[in-house]
Amino acid sequence: MTKYRINKTRFVDQTKTVSFTFDCKEYHGFKGDTLASALLSNGIHLVGRSFKYHRPRGIMSCGSEEPNAICQINADTNLTEPNVRATEVELYEGLRASSQNCWPSLNFDIGGINNLISPFIPAGFYYKTFMWPKSFWKKIYEPLIRLSAGLGKSPSQPDPDIYDHKHEHCDVLIIGGGISGIISAKIAAKNNLKTILIEDKNILGGSTIYQNNKNFIIDNKKSNEWLMNEISELEKLDNLIIKTRTSLAAFHSYNYLLAKENISDHLPLDKKNGDIRQRLWKIRADKVIVAAGAIERPLIFNNNDRPGIMLANSVKRYLDFYGVSTGLNNIIFTNNDSAYETAVSLFEKGISVKIIDIRKKSSSNIVKNAEDLGIRIYWNSTVVNTFGYKKIKSIEIMNLSEDGSNVTGNKHKIQCDCLSISGGWTPMVHMHTQSGGKLDFREIDQVFVPSEKSENHINVGSCNGDFELEEIVKNTNNKVKKFLNISKSGFDKISVLCSKELEKKNIWLLPNTISESKTKSFIDFQNDSTAKDIKLALREGFKSIEHVKRYTTTGMATDQGKLSNMHALGIIADTAGVKMGTLGTTTFRPPFTPLTFGAIVGRSVGKFFDVVRKTSIHEWHVQNNAKFENVGQWKRPWYYPINNENLHEAVQRESKTARDSAGILDASTLGKIDIQGSDASEFLNRVYTNAWSKLGIGKCRYGLMLNEDGMVYDDGVTTRLGENHYLMTTTTGGAANVLSKLEDYLQTEWPELDVYLTSVTDHYSTASICGPNSKKILKKLFPNKDFSDEAFPHMSYQDAIIDKIECRIMRISFTGELSYEINIESKYGKSLWENCIKAGEEYKITPYGTETMHLLRAEKGFIIVGQDTDGTMTPIDLQMDWIVSKKKYDFIGKRSLYRSDTIREDRKQLVGLLTDDPNEILEEGAQIVSELDKKPVEMIGHVTSSYFSPNLNKSIALAVVKGGKKMKGQKLFVPMENKNINVTVSDFIFLDKENKRINA
Amino acid sequence: MFVINCPYCGERDQSEFSCGGEAHIVRPKQPTELSDDEWAEYLFMRKNIKGVQFERWNHAHGCRKWFNMVRDTSNDKIHAVYKMGEKPPVI
Ligand SMILES: [Zn+2]
């Protein structure tokens, strides 16, 4: 045993040694230790440097509130984790931890110079400095800041661990396994309620589990022994799930809670075995009982941040739970009784301890206990300074004036190696407020306590502001019974004896002899904000606590201000002369403690990140060397390179072949909606801009769909399959939204219409064959069918049979070529496709992807919704007036087409652009200007589609330009980084204006 | 995350639903008769109340039915759900 491991406890197995490293040096601890308790047992307090001043900092607490002991675990591996609190890391064999925020090393840190120049680093420093000279930023400020600042390092390799999500429902969820949580769990579970108890530590019991002070007695037993017994009874209950190592991350409305369970973080590396590391529980609870406990407050005085200055109750936990003394020459500085328990415990183990109390006296049992033991108590005193750079060595104390606003008398110096501080307790109201609960301010001990309004959750124990054992036990029992509607419990006749605090006093910022500007009284230890920063912010005019917080960065570090928020509020209230309760608190946002990204995403990584949709022909595309493009969730063939062709070369070849002979496109991804009902025609009349009543059965029609604001929303061809039966196609990306929109209108605006919509996108595969030889190929596939223009004209459909399988053939075209689309049940898609390829072989049919499809339609000036439109284009802007019915009384978006804004003549309108140099290809998205010299440059439009057309042998582009309709022939410019490209506005139909090829 | 009582399916998690904004805005029967201002009132103007608000919701990942819901936006308490076409309850 080291000289600091002075006590044997039942929580640490001192027969099992565990070796670990800290900053590359090897140390030993025991099974049951945390990284922090093991370091302290080796006499190590200095574990990090502060963020701004790089001051040496030591372990301060024993839980999630820890501001200083922030470590990097297993650095330089793909399992590394930054910003981990040493107080929460369970020790395991082979653990490698290192300090953060110091360079080049913890003991010699160059950023420590910030401490010397700290008068020049006041609040708002980062907002005020580094602004000039501008040239200094890139070369001097940024590299220096990056080198010396920053928290941990993120892993550079993918995370090999598995994370899990689990949904759970229960009658009662209890957050916190301390004494009040255990009482609540027992009452709930014994009354046949399905109960879950979660506790973030690895064992239940909170701080009572090591409370061996004789002043705290339950049913004639020391409170720790009584609780031990309760826990073993609790573990026998069937309808109770106990989850240790599980911390609550968020408490959302309707009792929906997220909790993170650590499954393998505490196991040695070789035992982790690639199993699940953490599990995120998504719990929906009928009732929630919050028993989250309280956090001890520090005291704010000059140089209150040295290594060796710790929270008093944490010192007791290290002693009575881990068997580690944090110092051999202790001083306790307090404003309340609870720190006396630490003093008594230290004294009973033979360790030197003195007490400094800001109160004039206290006559409680526990204080009497300390006095009886002969512990020296300095009443009505305060610490005014501390000494020791990397570890505290001594302190100076003075007497307080009558009202506590000043110090009097002589300074008195006392040696020590550990200073325990206690400024009282802050109830953990985070969960309560996250769920929407409000707070009340309790003047007597200056705490915010939950104001109970919810029917679905309560707070019990110290998170509810009950700090004394007797009120904790009795109030918890009464509240839980009432909450769960239970008349009797096993705790009704319990007897509790405890010390009661009668004298209370609190001073948020302790007085000093030296002027405030020369002191460093830290409030937020991790972010280095001091009392004088807060006062400066107030002098500079900040009033709202939310603004002060952001300006001084108080409470904005990884600990979320668990230790600092109340003091900041208290000092603001004192300085501004207002009541603290009127200030309100800053907002407590989830997560309560940091969550790993792994836990948040769970299994949704890699190929499970999003759904991948493949057509039934996908395998063929893969085998034929297709490059794919993501269109929504779909994988669509982009182009099919042959012999090392690049995108451009492949697309040129595909485009040329499609127009010269034949091409085939997998169009299965287009959205397909089956529309049936006696009002189907009327419905289409209302949703499309053009008229549908007169479309004959067996005919197809292109339709344009607007939003109610008149902007183009979607387009596609709809086929009339029967009297009351249509098949609508939508864009690939718009399919789901179109269906939702149509359903919305049907259900909410036009419920009188007899229309039924069914998504059939996945039901059919579509092979689209185009080109002058397409008719010949179709004839080979369907020898018995008459494909003459008379029997099977453009924009019509016929049923057909191939290999005994029924299919539909639509003669429609998105390329301007003679073209047929064959729809067949999805499972036959690949065989249909292979038949088409085989039949087209003699015509050198080329499969083509989305890129060629885009090029071919651009040659014809067909728009792509979402590429040439962006939600601000009306059909009139697109020069598609022809498709907007003048006769129809109404359709979605009609009225908006003649709003004052939509009839403006200078709206952006679709035009064609030709570059003066036919080989120059414009960049899609490039801005267009009419005057190069005008300042500021006026951008009058942008390029929406641009290609080199192999069929026209020149560059073509579609663009939207302000007032473009009237600009045909006008010269414009596309300014690029190194040159200006000269362009001429043209018609946007570049090829076959007369539509001859459709019937070629 | 709310629990929403779909009038057709019963209680489900909010993640199955999507919100469609303010309820009881009826599409004008004769849009052509309206002035620009009147049409804009229908098209753009929404109340976004802090307090009790009548909203449209869709059980998008469930029965796909639209319905109305009365929700207090200040505390997310759901006061009522009712089918499209039914009279709004008095809250
Ligand atoms: Zn439903």
Side-chain angles (χ1 to χ4, degrees), chain A residues 167 169 250-258 282-286 435-438 453-456 590 686 706-711 736-737 739-752 756-759 886-903, chain B residues 1-5 7-8 11-46 55-68 71-78 82-86:
Chain A
H167 292 263
H169 294 256
F251 187 167
H252 295 297
S253 56
Y254 288 75
N255 280 358
Y256 180 70
L257 300 98
L258 301 177
K282 301 175 171 186
I283 306 168
R284 185 76 76 171
D286 196 33
S435 78
K438 302 276 179 281
K453 292 253 164 59
S454 168
E455 298 148 24
N456 302 317
R686 294 186 190 186
L706 309 185
N707 257 330
E708 205 67 272
D709 61 7
M711 304 305 156
N737 292 336
L739 182 68
S740 294
K741 180 183 153 104
L742 298 184
E743 273 290 350
D744 187 354
Y745 275 92
L746 264 185
Q747 290 181 33
T748 67
E749 299 295 351
W750 308 319
E752 72 280 6
Y756 302 90
L757 306 176
T758 311
S759 167
K886 303 274 183 306
K887 289 187 197 141
K888 281 200 294 183
Y889 180 70
D890 192 14
F891 56 82
I892 295 172
K894 178 178 169 105
R895 175 61 186 83
S896 291
L897 294 180
Y898 53 95
R899 288 177 55 236
S900 59
D901 183 57
T902 43
I903 55 173
Chain B
M1 190 165 71
F2 321 154
V3 174
I4 296 174
N5 190 8
Y8 303 92
E11 290 190 343
R12 296 289 190 280
D13 270 2
Q14 186 191 343
S15 57
E16 293 184 13
F17 297 84
S18 62
C19 180
E22 191 179 335
H24 302 297
I25 294 175
V26 181
R27 188 173 189 273
K29 284 274 178 288
Q30 296 173 312
T32 44
E33 314 288 309
L34 301 182
S35 68
D36 270 10
D37 283 351
E38 287 164 332
W39 179 247
E41 185 66 31
Y42 159 73
L43 195 55
F44 301 121
M45 296 307 176
R46 298 296 182 269
E55 298 171 335
R56 286 154 26 92
W57 282 77
N58 180 224
H59 195 183
H61 299 282
C63 63
R64 301 187 63 94
K65 283 284 195 185
W66 283 90
F67 58 91
N68 289 322
R71 179 175 68 105
D72 189 328
T73 58
S74 67
N75 59 14
D76 287 336
K77 189 172 161 56
I78 297 169
Y82 53 102
K83 293 178 181 174
M84 280 293 160
E86 288 180 355

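In what follows, every chain begins at residue 1, and chains take the letters A, B, ... in the order their sequences are listed.
Using a 4.5 Å cut-off between heavy atoms, B:Phe67 makes no contact with chain A at all. Using a 4.5 Å cut-off between heavy atoms, A:Asp709 contacts chain B through both its backbone and its side chain. The parts of B:Met1 that come within reach of chain A are both its backbone and its side chain, each placing non-hydrogen atoms under 4.5 angstrom from that chain. Contacts of A:Phe251 with chain B are absent, with no heavy-atom separation under 4.5 Å from either backbone or side chain.
To the nearest 0.5 angstrom, B:Thr32 atom OG1 is 3.0 Å from A:Tyr889 atom OH.
Interface with chain A: from residues 33-42 of chain B, residues B:Glu33, B:Leu34, B:Ser35, B:Asp36, B:Trp39, B:Tyr42 qualify, criterion being any non-hydrogen pair under 4.5 Å. Contacts between residues 11-25 of chain B and chain A, counted as heavy-atom pairs separated by less than 4.5 Å, involve B:Asp13, B:Ile25.
Residues passing the salt bridge (charged side-chain N to carboxylate O under 4.0 Å, His left out) test with B:Asp72: none are found, sequence neighbours excluded.
More than 12 heavy atoms of other residues, nucleotides or ligands shown are found within 6.0 angstrom of CD on A:Glu752. Other residues, nucleotides and ligands contribute more than 12 heavy atoms inside 6.0 Å of the NZ atom of A:Lys886.
In this structure, B:Trp66 and A:Ser740 approach most closely via the heavy-atom pair NE1-O, 4.4 Å.
Sequence neighbours left out, the pairs with a member in residues 742-751 of chain A that pass side-chain hydrogen bond (donor to acceptor under 3.5 Å, both in side chains) are A:Glu708-A:Tyr745, A:Glu743-A:Gln747, A:Asp744-A:Thr748, A:Asp744-B:Arg56.
Contacts with chain A were tallied for B:Asn58, B:Val26, B:Asp76; B:Asp76 has the most, counting heavy-atom pairs under 4.5 Å. For chain A, the option among B:Met84, B:Lys77, B:Arg64 with the highest count of heavy-atom pairs below 4.5 Å is B:Arg64.
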